[in-house]
Amino acid sequence: MEDYEYITNKMSTEDQERVAKALKGNWQMLTLLGWSADDVASKPMIAVANAWSEICPGHMNLRQVADAVKNGIAQAGGVPVEFGSIGICDVSEEGYVLPSRDIIADGIEVMQGAHKFDGLVLLGSCDKIVPGMLMAAARCNIPTIMVTGGPMLGGAPFLNRPKTESTASYESWGMYQAGKVSAEDVMRVTMTDKPTIGSCNYYGTANTMSCIAEAIGLQLPDGGAIPAVYADRLRLAKASGVRIVEMVKEGLRARDIITWESLQNAMMFTMATGGSTNAILHLTALACELDIDPQKVMAEWDRLSDVVPQIVQIYPSGTDQNVMEDFFFAGGVCRTLDNLRELLNLDVRTCTGHTLRENLDNHFYWRPQMANENVIRPMSNPFGHRALSILYGNLAPESAVCKPAGIPKHMWKFTGPAVCFDCEADAQEAAHAMKIKPGDVVVIRYGGPKGEPGMREMCGILKFLVGLGLGDSVALITDGRFSGTNNGCFVGHISPEAAEGGPIALIHDGDLITIDVENKRIDLQVDEEELARRRAAWTYTPKKVRGHMARYMRLAGNAATGGAMKWN
């Protein structure tokens with residue numbers, strides 16, 4: 001220590017600061033990895049949090065994307081330091097998917113807390129990874145930029161569809177059960193509806209959240225929808241590496257970008273595009289990271305549903321003709337936001353260093369000849385209204401979520417007898433045995449954050465019902481959630497959930513349930529006196545789980561709070 005003081009006393013103040021920085025543990029380790037002392041003493045250290053893996057098609061290209069980002073960082077005078085993040089594909093039917101969002105946020109927070117990076121680049125693509133990373137960005141609040149991996153291309157034609165999307169195989173299995181297609185047809189669509197790597201080629205949760213990362217201002221313009229296999233993706237990745245170094249020098253932090261006003265913009269974008277119902281969960285959880293009351297967020301979702309028209313049509317919202325590459329060609333997120341100008345908060349800051357207004361004023365469209373009003377329309381000529389909706393009623397005192405953009409118009413008011421299941425597997429078994437009939441309301445409960453635990457996705461059962469030809473005659477309600485690819489009359493996120501003793505736990509087979517999309521209500525046609533008797537007799541034994549799932553079951557709020565884990 002005396003030698004250190006003697007040496008530094010002979011140095012200039014500037015040199016003392018550089019040596020002191022180089023001798024910090026975080027930075028000194030980098031010299032062991034091949035960086036020079038001058039690099040680590042004088043350049044910003046930029047973390048690259050990468051969810052690459054060999055199990056998730058949406059993340060397979062992130063190894064290459066990370067290299068492009070790191071080249072940009074080095075070119076701009078930064079020191080790139082990459083570390084890994086977990087990333088689960090939503091194809092998994094286990095309850096771990098939503099709880100993984102918190103592990104992702106926690107892991108990045110821990111790495112930042114330990115190593116004190118100067119800036120952060122987030123690389124992810126799929127359903128819970130992008131929101132988990134956005135939550136980490138708000139929590140860490142250092143200069144941060146996001147780079148997503150991009151969607152896969154559309155699949156081969158199937159029946160009357162010029163391009164298929166990556167859940168057509170679910171529907172084909174239902175069609176096979178109903179005798180509409182052959183076993184060869186099922187195999188053919190299963191092997192051709194997912195032709196490349198990338199996040200799913202429809203507008204599900206993965207692509208909704210990737211586009212939201214751009215709409216909220218944390219991803220460079222066009223980043224949300226560039227296909228995974230396009231060179232544009234690598235060029236944007238390198239530009240993002242350059243830009244993060246500039247953000248560090250400017251002191252532009254995540255919470256300068258992620259604000260209540262930019263959250264409103266993201267919510268409006270979601271409404272305008274008919275995005276995944278899961279976006280309501282994720283943006284509500286992100287708002288919790290900013291200490292915004294989730295009730296305020298749900299009220300804003302409800303208000304915006306009557307204000308923002310649906311001006312984008314990508315499967316499953318309204319048509320099976322458009323997939324993600326069509327959205328990209330038509331102008332993507334930037335053209336959508338440009339068409340929404342009169343509603344948006346245009347003076348919010350973005351990762352470019354400019355406001356949203358400036359970004360839109362100066363945006364360069366590389367493929368202007370491919371603008372397509374069958375995909376993106378002006379507000380004066382929308383595809384429809386109320387793409388997403390918040391419902392209330394005696395079945396959902398705290399809220400429920402539906403997607404009118406995917407519900408046949410004749411089912412906007414639907415009353416039918418309940419057919420109750422306490423897990424999705426039992427509902428699947430009944431559907432395969434052809435025990436669900438036109439006019440039924442399928443009830444799947446104990447699927448919420450606490451009950452599953454983890455809020456399992458009900459994608460398979462709804463797709464199977466559509467394949468059976470029941471998509472326009474059977475409703476499905478649940479305290480669980482749905483994939484962004486689902487359509488039909490479905491209501492999810494019912495809160496309070498069954499595991500909390502919510503009214504959905506008290507439904508009996510044969511009870512009449514009314515779903516009224518127009519008036520935003522979902523009600524059980526059973527009088528309060530009878531419900532009180534059922535409530536007094538209700539019992540519940542939580543599932544026995546260990547590890548993170550036990551912690552999540554204990555700490556997670558219900559869907560009305562975004563399923564976020566409570567800190568106190």
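Counting heavy-atom neighbours within 6.0 Å of Tyr392 OH, excluding the residue itself, gives a total above 12. For Lys543, the NZ atom sits in a packed shell: over 12 heavy atoms of surrounding residues, nucleotides or ligands are nearer than 6.0 Å. Other residues, nucleotides and ligands place more than 12 heavy atoms under 6.0 Å from the CD atom of Gln525. Within 6.0 Å of CG on Leu159 lie more than 12 heavy atoms contributed by other residues, nucleotides or ligands. Environment of CD in Glu530: crowded, with over 12 heavy atoms of neighbouring residues, nucleotides or ligands closer than 6.0 Å.
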Where do Asn278 and His493 land on the side chain to side chain contact (heavy atoms under 4.5 Å, CB included) test, with the steps shown first?
-> CA-CA 9 Å; Asn278 284 312; His493 305 196; 4.2 Å; yes

Under the side chain to side chain contact (heavy atoms under 4.5 Å, CB included) rule, what do Val441 and Leu476 come out as? Steps first, then yes or no, please.
-> CA-CA 5 Å; Val441 178; Leu476 193 154; over 6 Å; no

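Looking only at side-chain heavy atoms (C-beta outward), Leu286 and Leu263 come within less than 4.5 Å of each other. With a 4.5 Å cut-off on side-chain heavy atoms, Arg445 and Ile507 count as touching. Contact annotation: the side chain of Leu283 never approaches that of Val297 to less than 4.5 Å [non-hydrogen atoms, C-beta and beyond]. Using a 4.5 Å heavy-atom cutoff, the side chains of Cys126 and Cys56 are in contact. Annotation: side chain of Leu98 is in contact with side chain of His282 (closest heavy-atom distance under 4.5 Å). Counting heavy atoms from C-beta on, the side chains of Ile513 and Val443 come closer than 4.5 Å. Counting only heavy atoms from C-beta outward, the side chains of Arg386 and Lys520 approach each other to under 4.5 Å.
Centroid-to-centroid, the aromatic rings of Phe482 and Phe490 come within less than 6.0 Å. Taking the six-membered ring wherever Trp is involved, the centroid distance between the rings of Phe464 and His432 falls below 6.0 Å.
Residues Phe414 and Ser473 share a closest heavy-atom pair of CZ-O, 3.5 Å. Leu468 and Gly174 get closest at one heavy-atom pair: CD2-O, 3.6 Å.
For the atom pair Arg101 CZ and Ile129 CD1, the distance stands at 12.0 Å (nearest 0.5 Å). Interatomic distance, SG of Cys89 versus CD1 of Ile55, reported as 8.5 Å (0.5 Å rounding). If you take CD1 on Ile504 and CD1 on Ile522, they are separated by 7.5 Å, rounding to the nearest 0.5 Å. Considering CG of Asp509 and SG of Cys420, their distance stands at 4.5 Å, rounded to 0.5 Å.
Although no hydrogens or angles enter the test, the distance criterion places no donor-acceptor pair under 3.5 Å between the side chain of Asp440 and the main chain of Val442. Side-chain atoms of Asp511 come within 3.5 Å of backbone N or O of His508 as a donor-acceptor pair. Distance alone, capped at 3.5 Å, places no donor-acceptor pair between the Asp523 side chain and the Thr514 backbone.
The side-chain hydrogen bond (donor to acceptor under 3.5 Å, both in side chains) test with Asn558 singles out one residue from Lys450, Glu398, Glu497, and that residue is Glu398.
The side chain to side chain contact (heavy atoms under 4.5 Å, CB included) test applied to Arg255 returns Asn141, Leu290, not counting sequence neighbours.
Taking the six-membered ring for Trp and thresholds of 30 and 60 degrees, His548 and Tyr552 have ring planes inclined between 30 and 60 degrees apart. By the 30° and 60° cut-offs, the orientation of the rings of Phe327 relative to Phe269 is tilted.
Between Arg533 and Glu529 there is a salt bridge, since at least one side-chain N of the basic residue sits less than 4.0 Å from a carboxylate O of the acidic one. In this structure, Asp106 pairs ionically with Arg139, as a charged nitrogen and a carboxylate oxygen lie closer than 4.0 Å.
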